[in-house]
Amino acid sequence: MSKMSNSRRTHLKSLMLQVAKTALEKEEVDIAAEKQSYLSEHCPPLSVPHSLQDLQEFCKKLHAKIDVVDEERYDMEVKVQKSSKELEDLNQKIFDLRGKFKRPALKRVRMSADAMLRALLGSKHKVNMELRANLKQVKKEDTDKEKDLRDVGDWRKNIEEKSGMEGRKKMFESEA
């Protein structure tokens, strides 16, 4: 690649600037012509009446047109607000469904179980975490089997009594 001389580079820059300047001027003229054609098409020339009554009537017509335009503007604003609120709700739903929300860092709290239950249930409820105190005490009812076992006493004596022929004879007599 051949290097370009400074004079050639500046000459090319000046040519590019001239072309850009003419393009900008042409664009400004086109915009002005477009604006003029739009105004002539949509805004008829203003004819101000000379009498007072005609002027008042003209003002009433203008106010009526302004009211119509304001109503349309208000309706459009409400539609835009409603749709933007709907968009925010949908974006929030999408965000929640993705599950990419930040979870706050939880702090460690040193709290006894009693204090935790008091905080959850309120101060009106008295809560005691002693498990033995919360257990119901159940009285055992003596059943027939337990009575028999207590009456039997020492198991060695029972075996000695049943050993031999006399013990077997006693078993048969007691069953009958």
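Sequence positions, counted from 1, serve as the residue numbers for this chain. Predicted model, so just to flag it, every value in this text is computed and none were measured.
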Contact list for residues 15-44, test side-chain hydrogen bond (donor to acceptor under 3.5 Å, both in side chains), sequence neighbours left out = none
message = Is there a side-chain contact (heavy atoms from CB on, under 4.5 Å) between Phe95 and Asn91? Walk through the geometry before answering.
response = CA-CA 6 Å; Phe95 196 66; Asn91 283 337; over 6 Å; no
task = Measure the spacing between CD1 of Ile94 and CG of Asp89 and express it to the nearest 0.5 Å.
result = 11.0 Å
request  = Check Met4 against Arg9 and note the closest heavy-atom contact, atom names and distance.
outcome  = O-NH2, 3.6 Å
ask   = Can you list every side-chain hydrogen bond (donor to acceptor under 3.5 Å, both in side chains) pair that touches residues 75-88, not counting sequence neighbours?
value = Arg73-Glu77
key: Residue pair His11, Leu15: steps toward the side-chain contact (heavy atoms from CB on, under 4.5 Å) verdict   = CA-CA 6 Å; His11 179 67; Leu15 286 176; 3.6 Å; yes
remark   = Those residues at least two apart in sequence (or on a different chain) that pass ring-ring contact (aromatic ring centres under 6.0 Å, His included) with His50 are none
request  = Rounded to the nearest 0.5 Å, what's the gap from CG on Leu97 to CD on Gln92? Could you check?
outcome  = 10.0 Å
inquiry  = To the nearest 0.5 Å, what is the distance between CG on Leu17 and CG on Leu24?
reply    = 10.5 Å
query = Do Phe58 and Leu62 have side chains that get closer than 4.5 Å, going by heavy atoms?
reply = yes
note = Rounded to the nearest 0.5 angstrom, the NZ-SG distance for Lys61 and Cys59 is 11.5 Å
